[in-house]
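One structure below.
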Amino acid sequence: MAEHGYDDLERDLAALGRAVDVPAPGPGLATAVLERLSDAPGARVSPGWPRRRLVALAVGAVLLALLATPPVRAAVADWFGFGGVRVERGDAPAPTADPTPPTVAPGASLQEAAAMVAFTVAVPEELGDPDGVEVSPDRRIVSMSWTTDEEGVLRLDQFDASLDFSVLKTAPDVFYAAVNGTDALWFEEPHEVALLEPDGTTVIHSARLAGHTLIWQEGGVTLRLEGDVELSRAVAIAESAVPVD
Amino acid sequence: MVYTDRTREGHPTLDTGPDDADLLARVRGGDRDAYAELVHRHAPVALRTAALLGAGGDTEDVVQEAFVKAYASLDRFRPGAPFRPWLLKIVANETRNLHRAAGRRAAREQRSWALAERLLLARADDPAEATLSQERQEALVRGLARLSPPHRQVVTCRYLLDLDEAESAAVLGWPRGTVKSRLHRALARLRDVLDADAGRVQAREAAHDG
């Protein structure tokens, strides 16, 4: 493999790695893990104690507050952020037929879209190549869609999770889910979704109703999958996402 | 420090205990001690992964959280699939989440690397244990610092953590082909950077001598 002067590079890198002194696991680790396990594997996590758990609890508490707040209360404080998404509590929109996500017209290729934005674009292997791919004019959002006989239209939007807020969702109900073991949000009911200006505040455009939606994060990117699928299917699609190289 | 507690299929170690699949079957049957065994078995590599991906002082918390989350989502773990890459993927996600508050991607990656760099530059207490000269060690770390984040990450997984290709793909969330091609490019780039670095060091020494 050596093509240059530095023959022993791979050996030296391995030695560098071996020399790293990471403290051995303390005897308390397994105990601490066991104390936090729920009764059955695969069940949701039970409340725990270390610092990092508090963050998740805080999010959980906000969600509970959202669900519990009477609709007459001012909505000003009733929001939280999740990787560039701002979720506000709102009343359920008037019942309509299940909204279908807008399709994306064929235009850019995956590689072209990936080259145009500053984050890593992913595509779910479960769905294969999308029928359409587009990059928003401000290059903040990459969108793609698939139209199939079995599942109708599925749409995936993705953007840098560290943006202040890109997408506003006003929803009556939000659920906590997990993708690859990390937190995700699941919107079961039709809800309003809109794009926000880069400063995250006032201007709302492209507001529309959205159906089942899963929002998760992978490698610093927020992904938003929308379509007429169950949560388990949405998670399976989410977990099959791989970057476009 | 070499860890010998990894049991991979086809590579049995001296540990003749049950393999991961047996333990996972027992965990699914409600045997919590079997999960404790999995924690013991995989904690060392989980800690190393979190530390070298930049978990810093939160390394143990990240690993604890990852084991709890892995258990909580065992219903989506495909029976028969290897446990280690799946666990390490969760560890990597948890480590990334640590820096979520740091703002933009570049800032987060910079923070992760700063924490990993500190570990890589530490010297063993016992000089007899060091297999690398201090100069070589420092040159390698300087070289790694000059790689792009994806190149640095793939070298970290394959060489510093000694993960195999499938495990690296899981940790990085990339397809295996991407791991392979980026690793190839990363090593070539690192060789170039190190050659240039060596040239600069020599020139500096020559200037001093002259």
Side-chain angles (χ1 to χ4, degrees), chain A residues 1-6 9-10 12-26 29-34 36-45 48 50-53 83 118-120 122 125 160-162 178 180-183 217-220 232 235-236 239 241-243 245, chain B residues 1-2 27-28 30 32 35-36 39-40 43-44 47-48 51-52 58-61 63-76 89-90 93-94 96-97 100 103-105 108 119-120 122 124 130-132 136-137 140 155 159-162 173-175 178 181 187 190-191 194-195:
Chain A
M1 181 109 195
E3 295 149 8
H4 297 57
Y6 206 119
L9 179 56
E10 288 158 82
D12 282 358
L13 284 170
L16 178 65
R18 279 196 302 274
V20 168
D21 193 14
V22 175
L29 177 63
T31 314
V33 169
L34 287 191
R36 291 183 51 204
L37 298 186
S38 44
D39 290 337
R44 294 280 77 90
V45 182
R51 234 173 323 158
R52 291 186 34 73
R53 184 67 206 155
F119 55 90
T120 306
E125 286 186 323
D160 187 336
S162 64
N180 288 325
T182 58
D183 303 332
Q217 292 179 36
E218 178 83 47
S232 58
V235 168
E239 293 189 339
V242 295
D245 194 34
Chain B
M1 182 164 39
V2 178
V27 172
R28 285 200 170 85
R32 295 160 72 97
Y35 198 66
V39 173
H40 280 302
L47 288 165
R48 287 176 66 74
L52 280 179
D58 291 314
T59 297
E60 274 231 36
D61 280 353
V63 168
Q64 183 188 134
E65 191 71 23
F67 275 115
V68 171
K69 284 195 170 163
Y71 184 89
S73 41
L74 267 185
D75 54 340
R76 286 198 314 278
K89 177 173 188 143
I90 298 175
N93 277 336
E94 285 299 306
R96 272 193 287 266
N97 287 346
R100 198 150 58 179
R104 302 195 68 82
R105 168 181 277 253
R108 297 195 303 269
L119 270 182
L120 291 170
T131 50
L132 277 180
R136 179 61 63 95
Q137 178 184 13
L140 282 172
V155 170
Y159 290 105
L160 303 185
L161 289 168
D162 193 24
W174 305 341
T178 307
S181 59
L187 286 178
L190 188 53
R191 281 201 175 87
L194 290 170
D195 285 347

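The model shown is predicted, which means the values in this text are computed figures rather than measured ones.
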Query raised in the report: chain A heavy atoms under 4.5 Å from B/Ala36: which part of the residue, side chain, backbone, both or neither?
Result: both
Query raised in the report: Does some side-chain heavy atom of A/Leu9 sit less than 4.5 Å from a side-chain heavy atom of B/Leu187?
Result: yes
Query raised in the report: Do B/Gln64 and A/Arg36 get their side chains close enough for a donor-acceptor pair, meaning under 3.5 Å?
Result: yes
Query raised in the report: Of A/Thr31, A/Val33, A/Leu34, which is the lone residue that meets side chain to side chain contact (heavy atoms under 4.5 Å, CB included) with B/Val39?
Result: A/Val33
Query raised in the report: Can you find a heavy atom in the side chain of A/Leu16 that is under 4.5 Å from one in the side chain of B/Arg136?
Result: no
Query raised in the report: Roughly how far, to the nearest 0.5 Å, is CD of A/Glu218 from CG of B/Asn93?
Result: 5.0 Å
Query raised in the report: Would a 4.5 Å heavy-atom cut-off, applied to side chains only, mark B/Leu52 and A/Val22 as touching?
Result: no
Report summary line: The side chain to side chain contact (heavy atoms under 4.5 Å, CB included) partners of A/Glu239 (sequence neighbours excluded) come to A/Val179, A/Asn180, A/Val235, B/Arg76
Requested in this report: Evaluate the side-chain contact (heavy atoms from CB on, under 4.5 Å) criterion for residues B/His40 and A/Leu29: first the C-alpha distance (whole Å), next the side-chain angles of each, then the deciding distance (0.1 Å), finally the verdict.
Outcome: CA-CA 8 Å; B/His40 280 302; A/Leu29 177 63; over 6 Å; no
Report summary line: Applying side chain to side chain donor-acceptor pair (under 3.5 Å) to B/Gln137 and not counting sequence neighbours gives B/Arg123
Report task. Kindly compute the distance separating CG (B/Leu190) from CD (A/Glu10), expressed to the nearest 0.5 Å. Result -> 10.0 Å
Requested in this report: Side chain from CB out, backbone as N, CA, C, O: work out which of these in A/Thr120 comes under 4.5 Å of a heavy atom of chain B, or both, or neither.
Outcome: both
Query - A/Val20 versus B/Arg48, closest heavy-atom pair with distance - result: O-NH1, 3.4 Å
Query - Pair A/Gln217-B/Arg96, side-chain contact (heavy atoms from CB on, under 4.5 Å): steps then yes or no - result: CA-CA 10 Å; A/Gln217 292 179 36; B/Arg96 272 193 287 266; over 6 Å; no
Report task. Would you mind reporting whether B/Trp174 and A/Val242 have side-chain heavy atoms less than 4.5 Å apart? Result -> no
Query raised in the report: To the nearest 0.5 Å, how far apart are CG in B/Leu194 and CG in A/Asp12?
Result: 9.5 Å
